[in-house]
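Scroll down for the structure; my scribbles are underneath it.
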Amino acid sequence: WFQVPNFISPKLIYQSFLLSCIFLSNPDFLIDKNLNLVPRRDVIDSGDVMFVHGVNVHVDDMAQVTIMGAPSRSPQTLREILGLSDMMPHRSKRALLVPPMFVPENQRAPFPRLIGKVISSDMKEDHIFCLMGRGADQDPKGVFSINRLTGDVAVSRALDREAIAYYHLQVSTTDLSGRLVEGPVDLDVSVIDQNDNRPVFKEPRYSGEVLEGSPTGTTVMTMTAYDADDPNTDNAVLRYIIVRQLPDKPSPNMFYIDPERGDIVTVIAPHQLDRETLPTTQYELEIVAKDMAGSEVGLTGTATATITITDRNDHAPEFTHSLFQASVNEGSTGVVVNLTVDDRDDPATGAWRAIYSIINGDPNQNFEIQTNLDNNEGMLSVVKPLDYESSMFHTLLIKVENEDPLVPDVVYGPSSTATVYITVMDVNEGPVFFPDPLVVIRRENIPVGSFVAMLNASDPDYLQTQSIRLVKDPADWLIVNPFKGNVTTRAILDRESPHVHNNQYTALFMATDNGSPPASGTGMLIITLEDENDNAPYVFPSVARVCEDAKDMNVVVIGGRDKDIHPNTDPFKIELGKQPGLEKTWKISRINDTHSQIMLLHSLKKANYNLPLVLTDSGVPPISNNTELKVQVCTCKKNRMDCSRAGSIQTNHLLLLGLVLLSILCKYPFIPPSTTLTCMLNPSYQNAGNSR
């Protein structure tokens, strides 16, 4: 016996039987092949509630069925009459029956609502039902409750399947003292999905690109939306559609979207997908995603897809003119003409940027062409000055290409080359010295008026004359003929002059033509001077000091120097002067080609001595220099040298004194000659001579 509530149409039950998927909340019933609702066992309970949930592509609904139970009957068998049925052995059955339950989400008040019933075949008056688990005594608490006496399970509020889609509870029975009688037995409550979520795209705007000329069916991009509803129902089955295209030219259906996958592909023919002829390079598509597999009752979500038609190099650059002309002054450099081209491809891409090259007419690489990145023009420049006298005209053949290669079916045509005529303008050029610098070799000390060099200054311009003058002659040694260019000496050339550096003397000349206005040019003359032995060597140091009681008789190491250069310098020969008697007090020992050691043969008293020396170089012929070394004999005490009171006795004065003594010897023969020589180098005799 089944009773249908008044608020549920009986027709709805039969419609649900015709659905493709039928769910029963009571496992004691089934749907047979004839779509009849039949019990699996004798139904003796009454008042139970069962839910029938039917789903197909058109309907998603639920019916409530009340089980009235069969009418009571009298015993019919002897076993039943005698009441022996409970005494006979039988297979034990589970006393607590807990069917799975189903609750639609988003139900409206009133609450609580009955969703099912738990049956205990062994229920006593002092037994009660208990419900445990998430949704009962665990968070979220109080969603479900059970009638402690009848086992009716109810839901207390509306559920959200997207928050919790499944509740796992447990039912048991206890006595009034709380002792467990039966259970716990699992109770599973499934939340039935309702189509309460719209499809949502990840982004509100999507961007994609497609290359112009792409074949029909080229995938541009993929749109993907998500639906939070149950993916096992049509509530989350999405279908995509393009509802608008802006602009709608040349066709409102240039693109197609796969309804199930969301792939956007091209529909327009390749020759129509031409970036240069389309009204725009960007198209906006309004995409709608609809759930319920796209049915009319489905919910929708919207996003925008922006598709950019990208460029390929399908247009060769072309010169705006086949002939360009320019003029340039000879001797100048810089940009002379800007070459302009047209290219229909996308600016600021390699398919538009131009590369220029000179393919003919520039054998000496006088010209260079670079691309102006702002306007794609070719800037033709002169990098090596042109000469009017050599060539008054230049004809260049220029080619232009793109950075990116052309597509296979496009080639560079005649318009991708152009001719440039360059006219060279004459300019009055200054005379040019050749060679510059002019280097000559001359010996120093040549006579005044000697020939030094012949300057050659030529003018690139024809029929013009030049005059030459000196502009820099540091030592004032030279003179130049202004018309012939021959340079002669007006003074002696001296290699040792401070104006000579590294044996070279430099003079600067200027040649000026008679053009209008006049032009000039400069040239340099470098004279390399050969050395002559015209400087006597000299000794260094010129002063030496020695202690009067020194044990070391080495006075000083002296060296020779010479302003001349090899071979007119060392090795030097250093000797004592020719005065007699010097060799008894002094000695010179050669150390190397430039230095010698001065030594005393015996101690001298404190005084100043001028030692005559003869220094000779190795030139041909050699030059000797009679010079003196000043030797100061000083008093030395405790590492301190005192030379302040040394007598000023010079060796050459002693020689004069010696001559006087010789004359005395002639007059007083009783004085031995050796005594006279001794007193010449003895300080005591020197002081006596001074007092005399």
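None of the values given here were measured: they were computed from a predicted structure.
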Pairwise side-chain contact, Val243 with Ile241, heavy-atom cut-off 4.5 Å (strictly under): yes

Using the six-membered ring wherever Trp is involved, compare the ring planes of Phe201 and Tyr240 and label them parallel, tilted or perpendicular (cut-offs 30° and 60°). tilted

Backbone of Thr266 reached by a side-chain donor or acceptor of Thr218 within 3.5 Å: no

Output the distance between atom OG1 (Thr281) and atom CD1 (Ile307), rounded to the nearest 0.5 Å. 12.5 Å

Can you tell me if Asp227 and Asn197 form a side-chain donor-acceptor pair at under 3.5 Å? no

Counting only N and O atoms by type, is there a donor-acceptor contact under 3.5 Å from the side chain of Asn235 to the main-chain atoms of Asp230? no

For Arg157 and Pro140, the nearest pair of non-hydrogen atoms, with its separation, is NH2-CB, 3.8 Å

Pairwise distance CG(Leu211) to OG1(Thr308) - rounded to 0.5 angstrom: 12.0 Å

CG/Asn195 to OG1/Thr233 distance, rounded to the nearest 0.5 angstrom? 7.5 Å

Distance-only, no hydrogens or angles: does the Ser156 side chain make a donor-acceptor pair with backbone N or O of Val143 under 3.5 Å? yes

Closer than 3.5 angstrom, by distance alone: can the side chain of Asp248 be matched with the main-chain N or O of Ser251 as a donor-acceptor pair? no

Check for a donor-acceptor pair, side chain of Asn372 on one end and backbone N or O of Met379 on the other, with a separation under 3.5 Å. no

Any side-chain heavy atom of Leu380 within less than 4.5 Å of one from Leu396? yes

Do you know the tightest heavy-atom contact between Leu278 and Pro250? CD2-CD, 3.6 Å

Under 3.5 Å, side-chain donor or acceptor atoms of residues 336-344 against the rest of the protein: list the pairs with distances, not counting sequence neighbours.
{"from": "Thr340", "atom 1": "OG1", "to": "Thr320", "atom 2": "OG1", "distance (Å)": "2.4"}
{"from": "Asp343", "atom 1": "OD1", "to": "Asp345", "atom 2": "N", "distance (Å)": "3.0"}
{"from": "Asp343", "atom 1": "OD2", "to": "Asn402", "atom 2": "ND2", "distance (Å)": "3.0"}

With distance as the sole test, does Gln245 use its side chain to make a donor-acceptor pair with the main-chain N or O of Pro247 at under 3.5 Å? yes

Are Val181 and Lys124 packed together at the side-chain level, in the sense that at least one heavy-atom pair is separated by less than 4.5 angstrom? no

Looking only at atom types and distance, does a side-chain atom of Asp291 sit under 3.5 Å from a main-chain N or O of Ala236, one as donor and one as acceptor? no

To the closest 0.5 Å, what do you measure between OG1 (Thr150) and NZ (Lys117)? 4.5 Å

Could you tell me how the ring of Tyr166 sits relative to the ring of His168: parallel (under 30°), tilted (30 to 60°) or perpendicular (over 60°)? parallel

Nearest 0.5 Å, please: how far is CD in Glu318 from OG1 in Thr417? 10.5 Å

With side chains defined as the heavy atoms from C-beta onward, is the minimum distance between Asp311 and Glu212 less than 4.5 Å? yes

Any side-chain heavy atom of Phe367 sitting closer than 4.5 Å to one from Val382? yes

Once you round to the nearest 0.5 Å, how far does CD of Gln272 lie from NZ of Lys249? 12.5 Å

Just so I know, are the side chains of Val267 and Asn253 near enough to count as touching, which here means a heavy-atom distance under 4.5 Å? no

Quick one: list whatever passes ring pair (Phe, Tyr, Trp, His ring centres under 6.0 Å) with Tyr167, sequence neighbours left out. Phe144

Salt bridge (Lys or Arg N to Asp or Glu O under 4.0 Å) pairs touching residues 400-411, sequence neighbours excluded, are Arg353-Glu403, Lys399-Glu401

